[in-house]
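First the proteins, then the strands, lettered A, B, ... as listed; each starts at 1.
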There are 2 protein chains.
Amino acid sequence: MKKAVFFQTPESRKGDIITSALKIIDQKGVKGLTVARLAQEVGFVESALYRHFKSKRDLVSFILDNILQDAWNYLAEVEEKTEDSLEALKQLIYLFLSFLEQFPGIFKIIYSDEIYLGDEELQDKIDGIISEIVVFLKKVIQKAINQKKLKADLDVTVAAMHFLGLIYTAFSYWTIKKRRVPLKKISSELLDQYLEGVKA
Amino acid sequence: MKKAVFFQTPESRKGDIITSALKIIDQKGVKGLTVARLAQEVGFVESALYRHFKSKRDLVSFILDNILQDAWNYLAEVEEKTEDSLEALKQLIYLFLSFLEQFPGIFKIIYSDEIYLGDEELQDKIDGIISEIVVFLKKVIQKAINQKKLKADLDVTVAAMHFLGLIYTAFSYWTIKKRRVPLKKISSELLDQYLEGVKA
DNA sequence: CTATAATGTGAGTGAATATTCACTTACCGG
DNA sequence: CCGGTAAGTGAATATTCACTCACATTATAG
């Protein structure tokens with residue numbers, strides 16, 4: 001019987017579990033996140049998970065709520081503090097990507113139809129996250145148009161989707177290249193091409 | 001005991017199964033493709049599947065090989081026959097998207113880490129497909145650069161990934177909008193923004 | 001008409017998986 | 001030191017899933 005590690009607040013234990021879960025998802029995909037594997041990674045027995053989370057689904061839901069909350073605060077801050085709206089777009093893409101670099105598992109959760117389909121509540125949660133991001137990006141882009149930095153006749157929604165697509169593209173490229181190329185380098189080239197196409 | 005439908009070549013029966021499989025994947029995701037569900041959709045009993053395919057994995061592999069072979073021929077044809085290389089890019093994105101519009105399930109297979117992970121052979125197959133596409137796009141883009149239609153200093157690989165990302169973006173947008181907006185409309189706006197950024 | 005090959009059926013099996021439960025262990029406050 | 005509580009354990013369970021196998025049916029070619 002292994003000695004339990006105590007002296008940890010409940011939060012940090014949950015944190016351990018989340019860290020392990022994201023690591024597994026990153027390496028083995030959402031499908032690879034099984035309770036057995038998670039338990040092994042954390043270092044307890046399967047049933048112990050249920051001391052911390054009601055269910056596996058609950059764990060994923062918790063991850064989405066909490067990790068993304070953090071990211072969200074950063075985004076809002078950048079948008080508020082950066083005067084130059086083109087510079088803001090640059091900052092935003094770096095922020096998105098350094099976040100995904102840190103938590104690649106999150107990306108997989110959001111873009112996985114494993115979770116997306118079959119659980120209406122999680123599906124709604126993920127849809128909500130994406131549409132929040134799009135709304136946010138539309139706001140930034142509209143601001144840039146108002147500042148005459150971007151073309152006046154730009155379709156704001158398409159431009160926002162296109163920007164979001166850059167993040168996906170950079171991330172995919174990074175994955176294909178076995179993460180050997182720095183994400184920041186990839187994204188800056190993509191962003192340059194993007195900006196050439198949309199700026200005034 | 002239900003009467004069997006015969007008078008069908010093995011090919012067309014396989015075709016029925018593939019059609020059903022892609023329909024299920026489209027609606028329920030790759031995870032949703034279970035042998036039970038597939039059998040129900042096709043109209044036979046689970047075990048009957050194994051008269052046509054060695055395994056479920058074999059079915060997916062067959063889909064990747066065959067459906068994509070078709071697509072591939074179209075792509076090559078467009079590239080050869082279209083003189084104007086910018087026009088070729090336009091044609092290509094339409095072709096990609098009308099293909100995905102017809103077989104959305106294929107898209108989900110390729111972008112699913114459910115299949116991607118855990119089966120090395122399928123993983124290699126999908127990797128191969130993607131890199132073939134990238135190589136192809138790089139060739140088209142390089143040709144356009146040589147024709148002085150695109151910027152001479154363009155990073156061809158990044159431009160190709162960006163283009164591929166547009167397809168993903170258009171498809172996602174289409175999905176989010178519940179497929180109510182025609183894919184062609186979405187893609188032409190995205191492509192315009194893209195071309196503005198890369199053309200000479 | 002009959003042999004054969006293709007296709008379908010029904011019942012079952014074993015493996016993987018999430019979850020429950022009764023229990024034990026370790027720590028902490030009073 | 002005692003009682004409560006948070007955390008962990010080990011065994012069991014129900015479900016889902018891909019897949020197998022012996023048997024049945026149908027179409028077609030000779």
To the nearest Å, how far apart are Asp16(A) CG and dG8(D) C1'? 14 Å
Output the rounded distance in Å from CZ (Phe53(A)) to P (dA7(D)). 11 Å
Both Arg57(B) and Arg51(B) contact DNA chain D. Taking the nearest nucleotide for each, which residue is further toward the 5' end? Arg57(B)
side-chain contact (heavy atoms from CB on, under 4.5 Å) between Glu132(B) and Trp72(B), worked out: CA-CA 10 Å; Glu132(B) 262 187 289; Trp72(B) 203 247; 3.7 Å; yes
Which part of the nucleic acid, if any, lies within reach of Leu33(B) when heavy atoms closer than 4.0 Å are counted: base, sugar-phosphate only, or nothing? sugar-phosphate
Length of the line joining Glu46(B):CD and dT7(C):P, which is rounded to integer Å: 19 Å
In whole angstrom, what separates Lys31(A)'s NZ from dA18(C)'s P? 11 Å
Roughly how many Å is it from CG in Leu59(A) to P in dA18(C), rounded to a whole number? 11 Å
Would the number of heavy atoms belonging to other residues, nucleotides or ligands and lying under 6.0 Å from NZ of Lys151(A) be above 12? yes
Would you say Lys56(B) has more than 12 foreign heavy atoms packed within less than 6.0 Å of its NZ? yes
Is the phosphate of dT16(D), meaning OP1 or OP2, less than 4.0 Å from a side-chain N or O of Arg37(B)? no
Side chain of Thr34(A) (C-beta onward), nearest among dA11(C), dA18(C), dT9(D): dA18(C)
For the side chain of Val35(A), starting at C-beta, report the closest nucleotide among dC19(D), dT19(C), dG8(D). dT19(C)
Distance check needed: dT20(C) P versus Lys56(A) NZ, whole Å only. 14 Å
Pair Gln193(A)-Val158(B), side-chain contact (heavy atoms from CB on, under 4.5 Å): steps then yes or no: CA-CA 9 Å; Gln193(A) 288 182 9; Val158(B) 172; 3.8 Å; yes
Hey, which of these two, Val42(A) or Leu49(B), hits DNA chain D nearer its 5' end, going by closest nucleotide? Val42(A)
Tell me whether the OP1 or OP2 atom of dA6(D) has a side-chain N or O from His52(A) closer than 4.0 Å. no
Does Ser47(B) contact dG10(C) through a side-chain donor or acceptor facing the base, at a distance under 3.5 Å? yes
Do Ile186(B) and Thr169(B) touch side chain to side chain, with heavy atoms closer than 4.5 Å? no
Nearest whole Å is fine: how far is dT20(C) P from Asp58(A) CG? 11 Å
Can you tell me which nucleotide in dT20(C), dT9(C), dC19(D) comes closest to the side chain of Tyr50(A)? dT20(C)
Leu38(A) CG to dA16(C) P: how many Å, rounded? 18 Å
Measure from the side-chain heavy atoms of Arg13(A) and tell me the nearest of dT9(D), dG8(D), dA18(D). dG8(D)
